[in-house]
Amino acid sequence: MDLISIAKPPLFNFEECKWFLDRGYDDCMHQVLETSIRKLIPTPEGNCLIEVADGDEALEAVIITGPESPAAVTAVRQYLSSWFDMERDLNPLYDLTHQTKTSWLTDPYQGLRLVMIPDFFEAISWSVIGQQINLKFAFALKRRLVELCSTPHEYEGVEHYTFPSPASVAKLTVAELKERQYSQRKAEYLIGIAQQFEAGLLSHEQISGLPDTPQMIEALCAIRGIGEWSANYVLMKAFQRMDCITHGDTGLQAAVKRQLNLDRKPTREEIIEFLKPFKGWESYLVFYLWRTLSDKKT
DNA sequence: TTCCAGGCAGTAG
DNA sequence: CTACTGCATGGA
């Protein structure tokens, strides 16, 4: 079977990206092995279970099971490239942190890419699921939704899934999700959003067709269940917008609090001020700040 | 026990 | 406009 090679840009570190996907949570959307990652990726011709690993010059993936036609290979290649944000030149970001003497923010994780959630529906669903609750519980809720709606693809004793389609979530009842420990509200938000996708009222094209990030945030915030935090999160993870700040984010607040040595959580203005030197790279700053939280306190 | 997690909408003043 | 509240659950 053919190897799918994706050239690695400068400042790309597969190990750092893999670390992010293996933080100790039970994420049902991929499986992290010693030196590789397995994931079930949807293509126009069916799902491909792929295994991706690091190579000398390129990221190297193989299709373990599923179609290997040119169209499927193209879809896999595009997915992996988006997933690890591989087309972006990070040199300007690293230049910025060096110029502003904040290289301690980037250099310990050199080559870490903003790990994306390329599918819009998956990203917006995950943003709703993750609201307010701790991440462990959020991953448990996601798994319950996925196991309810998606068909498992078993390989070597592990169940692999693609994220449920809007159609399958739109058909659920609030009661089915409440049985799985979703709150009434979370269940309503999720099903409502799925129904909007189904009705053609919400799509990647519709949002990406808007002129700029502020208009996209406005459009997303008009959706019930989506506030400023979720809108920015989704634009960062599914639309690869680089100027997103997840205001209200407890993780971001904790990270900036630590970096500024405050004894309270920073205000919105203090966070804006902290990110001011990094105009156009706010999303990466947020992602790297989250990363710092997993390091021991200094 | 109480408080808070990668928030949000609903309500009251 | 701002302030306050409930939400589901688990870990600190």
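This is a predicted model, so every value here is computed, not measured.
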Please state how far atom [atom1] in [X] lies from atom [atom2] in [N], giving the value in whole angstrom units.
{"X": "A:Lys265", "N": "B:dG7", "atom1": "NZ", "atom2": "C1'", "value": "11 Å"}
{"X": "A:Asp249", "N": "B:dC4", "atom1": "CG", "atom2": "P", "value": "16 Å"}
{"X": "A:Gln181", "N": "C:dG11", "atom1": "CD", "atom2": "P", "value": "13 Å"}
{"X": "A:Asp26", "N": "C:dG10", "atom1": "CG", "atom2": "P", "value": "14 Å"}
{"X": "A:Lys186", "N": "C:dT9", "atom1": "NZ", "atom2": "P", "value": "12 Å"}
{"X": "A:Glu188", "N": "C:dG6", "atom1": "CD", "atom2": "P", "value": "17 Å"}
{"X": "A:Ile193", "N": "B:dA9", "atom1": "CD1", "atom2": "C1'", "value": "13 Å"}

Set of residues satisfying ring-ring contact (aromatic ring centres under 6.0 Å, His included) with respect to A:Tyr155, sequence neighbours excluded: none

Could you check which residues of residues 212-229 of chain A get a heavy atom under 4.0 Å from DNA chain C? Sort them by number, please. none

Could you check which residues of residues 127-147 of chain A get a heavy atom under 4.0 Å from DNA chain C? Sort them by number, please. A:Gln132, A:Ile133, A:Asn134, A:Lys136, A:Phe137

May I ask you to evaluate whether A:Ser230 reaches the phosphate of B:dC8, defined as a side-chain N or O under 4.0 Å from OP1 or OP2? yes

Are [X] and [Y] within salt-bridge range, i.e. N to O under 4.0 Å?
{"X": "A:Arg144", "Y": "A:Glu179", "result": "no"}
{"X": "A:Arg241", "Y": "A:Asp212", "result": "yes"}
{"X": "A:Arg180", "Y": "A:Glu147", "result": "no"}

Take atom P in C:dC4 and the same atom in B:dC3, then report the distance between them in whole Å. 15 Å

Between B:dA5 and C:dT2, how far apart are the two P atoms, rounded to whole Å? 23 Å

What orientation do A:Tyr288 and A:Tyr94 show, parallel under 30°, tilted 30 to 60°, or perpendicular over 60°? perpendicular

Once you apply a heavy-atom cut-off of 4.0 Å, does A:Arg23 come out as touching a base, just sugar-phosphate, or nothing? base

Once you apply a heavy-atom cut-off of 4.0 Å, does A:Thr250 come out as touching a base, just sugar-phosphate, or nothing? sugar-phosphate

Given the ring of A:Phe20, does A:Arg23 sit roughly above its face, with NZ or CZ under 6.0 Å from the centre of the six-membered ring and within 45° of the axis? yes

Ignoring hydrogens and geometry, is there a side-chain-to-backbone donor-acceptor pair from A:Ser125 to A:Phe121 under 3.5 Å? yes

Do A:Ser208 and A:Phe120 have side-chain heavy atoms sitting under 4.5 Å apart? no

Heavy atoms, side chains only, cut-off 4.5 Å: are A:Ile124 and A:Ser127 in contact? yes

By nearest-heavy-atom nucleotide on DNA chain B, the more 5' of A:Tyr189 and A:Trp290 is A:Trp290

